[in-house]
Amino acid sequence: MKAVVIKNPNDVCFTEVDMPVPPAGFARIKVKAAAICATDLEVVSGNIAANYPLIPGHEWSGVVDAVGSAEDEHWIGKSVIGSSDVVCLKCDACRSGNWRYCEQFEEIGFKRNGAYSEYMLAPVYGLCEKPDHVPFETAALCEPLGVALGTLKKARARSGQTLLVIGAGSIGLCMLAAAKTMGLRKIVVCGTSNDRLMHAKTLGAYATIATREQDLEEEMKKLHPEGTDLIIDATGVEECVQKALRILKKGGTLALAGYGGGKMMNIRIDDIHIKNLKVIGAGNNWNMHQKALNLMSEGLVDLSCFISEKIRLEEYEKGLSLAKSRPTGFVKAVFVNE
């Protein structure tokens with residue numbers, strides 16, 4: 001089969017590889033769509049640890065082609081999305097639903113081959129059946145939508161709270177879409193420019209702020225004059241985190257959903273201490289695929305505006321270039337297999 005393979009950091013090719021054979025507990029998926037994520041670029045560059053050579057891709061949808069166990073044969077032929085978490089299912093962490101705390105945790109697209117290919121393997125326990133009316137391309141985006149749902153859960157978001165989302169990339173926009181379904185109010189999204197903020201407006205943001213043209217703190221005094229209940233930082237940028245701590249109301253919550261790239265940050269601890277703020281680490285999606293799919297299926301979330309380019313696997317260089325350069329209005333490139 002054909003696949004995009006990272007041989008070593010910054011060494012990527014489109015090549016022929018062996019067809020995977022599903023072991024017990026796994027399904028082979030004929031990949032129909034695979035979205036390019038910003039973290040995939042970190043795997044390409046070597047900034048995120050991975051097992052090279054590697055087929056990347058953790059945002060996917062497809063059709064079950066084969067299974068490794070007779071008791072799972074009912075999945076064959078079904079359209080699915082699924083978790084990319086490979087875990088033991090036996091330890092305390094797994095039994096409590098905290099798969100990412102499993103000592104044997106490995107993630108598809110990072111430690112195991114992923115979805116930039118014609119076929120891939122995924123654990124049966126993480127599969128979710130896709131309704132026919134949800135397109136494969138948008139179904140692949142259940143993964144970033146699940147990240148948003150997991151972040152809001154960790155932050156104990158609730159109806160009636162005011163929210164600021166810092167960052168208008170795919171994760172930030174998913175935060176907006178998910179928060180709208182939960183009844184949060186006066187949701188503001190900020191980004192460096194208006195390029196992606198048009199998507200925030202499409203998704204129903206109360207207001208948007210282009211920080212290259214407007215002062216974030218001054219604008220937020222107008223929009224949330226009593227301070228903001230919840231801020232989600234989807235950038236991992238030091239200046240953004242610092243400003244968030246100043247904008248939050250007393251007793252407010254900051255959820256850190258952005259990848260900091262291993263950088264050290266200077267934080268004024270008194271901004272947290274004096275205002276009794278809560279700062280929450282919020283990485284990963286924590287088994288939210290089914291909930292994300294339900295929101296899409298019921299028409300409560302429509303992420304079709306995210307799909308800026310549909311490309312073939314052999315056009316991987318174009319896709320990675322678009323994800324890196326992020327031209328005006330660009331959100332996602334999605335590999336589509338016939």
Any non-hydrogen side-chain atom of Thr162 less than 4.5 Å from a side-chain atom of Leu223? no
For Ser321 and Glu317, indicate whether the former's side chain and the latter's backbone hold a donor-acceptor pair under 3.5 Å. no
Asp85/Arg100 ion pair, N-O < 4.0 Å: yes
Nearest atoms (heavy-atom pairs only) where Met1 meets Ser117: CE-CB, 4.0 Å
Run the side chain to side chain contact (heavy atoms under 4.5 Å, CB included) test on Thr253 and Gln161 for me, step by step, so that the C-alpha distance in whole Å, both residues' side-chain angles and the decisive distance to 0.1 Å come before the verdict. CA-CA 11 Å; Thr253 298; Gln161 286 184 316; 5.9 Å; no
Under 6.0 Å from the NZ atom of Lys78, do we count more than 12 heavy atoms belonging to anything else shown? yes
Test Val241 against every option in Leu256, Thr235, Ile231 by the side chain to side chain contact (heavy atoms under 4.5 Å, CB included) rule and name the one that passes. Leu256
What is the minimum heavy-atom distance between Leu163 and Ala179, and which atoms define it? CD2-CB, 3.5 Å
Has Glu226 got more than 12 heavy atoms of other residues, nucleotides or ligands less than 6.0 Å from its CD? no
With a 6.0 Å cut-off (strictly less than), is the heavy-atom count around CG of Asp270, excluding the residue itself, greater than 12? yes
Supply the atom-to-atom distance Asp302 CG to Met296 CE, rounded to the nearest 0.5 angstrom. 8.5 Å
Has Thr211 got a side-chain atom pairing as donor or acceptor with Gly191's backbone, closer than 3.5 angstrom? yes
Salt bridge or not for Arg112 and Glu107, using N-O below 4.0 Å? no
Just wondering, do Met120 and Pro20 contact through their side chains at under 4.5 Å, heavy atoms? no
Kindly say whether Val331 contributes a backbone atom to a donor-acceptor pair with the side chain of Ser308 at under 3.5 angstrom? yes
For Val43 and Ala50, work out which heavy atoms get closest and say how close. CG1-CB, 3.8 Å
Heavy-atom neighbours of Glu217 CD exceed 12 at 6.0 Å: yes
Go through the structure and list residues passing salt bridge (charged side-chain N to carboxylate O under 4.0 Å, His left out) with Lys222, not counting sequence neighbours. Glu219
So Asp229 and Leu184, side chain to side chain contact (heavy atoms under 4.5 Å, CB included) or not? Walk me through it. CA-CA 10 Å; Asp229 293 311; Leu184 278 78; over 6 Å; no
CD/Glu118 to CD1/Ile55 distance, rounded to the nearest 0.5 angstrom? 10.5 Å
Quick one: ring-ring contact (aromatic ring centres under 6.0 Å, His included) partners of His199, sequence neighbours excluded? none
State whether the number of non-hydrogen atoms from other residues, nucleotides or ligands found under 6.0 Å of His273 atom NE2 is greater than 12. no
For Arg185, enumerate each residue passing the salt bridge (charged side-chain N to carboxylate O under 4.0 Å, His left out) test, keeping only those at least two apart in sequence or located in another chain. none
Do you reckon Trp60 sits in the same ILVMFWY cluster as Ile311, going by side-chain contacts under 4.5 Å, direct or chained? no
Rounded to the nearest 0.5 Å, how far apart are CG of Asn8 and CG of Leu54? 11.0 Å
If we only count heavy atoms from C-beta on, is the Lys278 to Arg156 side-chain gap below 4.5 Å? no
Would you say that more than 12 heavy atoms from the other residues, nucleotides or ligands in this model lie under 6.0 Å from the CG of Asp18, or not? no
Counting N and O atoms only, with roles assigned by atom type, does the side chain of His58 sit under 3.5 Å from a partner on the main chain of Glu143, one being a donor and the other an acceptor? no
I'd like to know if the side chain of Lys2 reaches the main chain of Glu314, judged simply by a donor and an acceptor atom lying under 3.5 Å from each other, with no hydrogens or angles considered. no
If you apply the rule side chain to side chain contact (heavy atoms under 4.5 Å, CB included), what do you find for Val279 with Leu245, and how did you get there? CA-CA 9 Å; Val279 180; Leu245 294 174; 4.2 Å; yes
Once rounded to the nearest 0.5 Å, what's the spacing between atom SG of Cys174 and atom CD1 of Ile232? 11.0 Å
Would you say Ile29 ends up clustered with Tyr119 if hydrophobic residues are merged whenever their side chains have heavy atoms under 4.5 Å apart, either directly or through other cluster members? no
Holding to ring-ring contact (aromatic ring centres under 6.0 Å, His included), I want the full list of residues that pass it with Phe306, two or more places apart in sequence or in another chain. none
Look at atom CD of Glu106 and say whether more than 12 heavy atoms of other residues, nucleotides or ligands are closer to it than 6.0 Å. yes
So, for Glu213 and Asn194, which heavy atoms are closest and what is the spacing to 0.1 Å? OE1-ND2, 3.5 Å
Taking the side chain as every heavy atom from C-beta outward, state whether Val67 and Pro22 have any pair of such atoms under 4.5 Å apart. no
Any sub-3.5 Å donor-acceptor pair from Asp65's side-chain atoms to Lys30's backbone N or O? no
Nearest heavy-atom contact between Gly236 and Met265 is O-CE, 2.9 Å
Any donor-acceptor pair under 3.5 Å linking the side-chain atoms of Tyr116 with those of Asp40? yes
Taking a hydrophobic cluster as the set of Ile, Leu, Val, Met, Phe, Trp and Tyr residues connected by side-chain heavy atoms closer than 4.5 Å, whether directly or through intermediates, do Tyr316 and Val336 fall within one such cluster? no
Are the side chains of Leu216 and Cys240 in contact, using a 4.5 Å heavy-atom criterion? no
Answer yes or no: is there an ion pair linking Glu238 with Lys263, defined by an N-O contact shorter than 4.0 Å? no
Run Arg196 and Arg326 through side chain to side chain contact (heavy atoms under 4.5 Å, CB included) and show every step you take. CA-CA 10 Å; Arg196 289 189 176 185; Arg326 298 190 300 183; 2.8 Å; yes
Determine whether His289 and Leu293 make a side-chain contact, defined as any pair of heavy atoms from C-beta on separated by less than 4.5 Å. no
Would you find a donor on one side and an acceptor on the other, under 3.5 Å apart, between the side chain of Arg95 and the backbone of Leu89? no
Atom of Val134, atom of Ala139 and distance for their closest heavy-atom approach: CG1-CB, 4.0 Å
Considering the options Ile187, Leu203, Leu300, Val301, which one meets the side chain to side chain contact (heavy atoms under 4.5 Å, CB included) requirement together with Lys180? Ile187
With a 4.5 Å cut-off on side-chain heavy atoms, are Lys332 and Cys37 touching? yes
Is there a donor-acceptor pair under 3.5 Å between the side chain of Asp215 and the backbone N or O of Glu218? yes
Just jot down the ring-ring contact (aromatic ring centres under 6.0 Å, His included) partners of Tyr125, sequence neighbours excluded, or say none. Trp99
ILVMFWY clustering at 4.5 Å (side-chain atoms), partners of Met198: none
Looking at CD1 of Ile209 and OG1 of Thr192, how far apart are the two atoms once the value is rounded to the nearest 0.5 Å? 13.0 Å
Are Leu164 and Leu248 in one and the same hydrophobic cluster, where Ile, Leu, Val, Met, Phe, Trp and Tyr link if side-chain heavy atoms are under 4.5 Å apart? yes
Does some side-chain heavy atom of Ile6 sit less than 4.5 Å from a side-chain heavy atom of Pro56? yes
Test of understanding: clusters of I, L, V, M, F, W, Y form through side-chain heavy atoms closer than 4.5 Å, transitively. Do Val147 and Met288 belong to the same one? yes
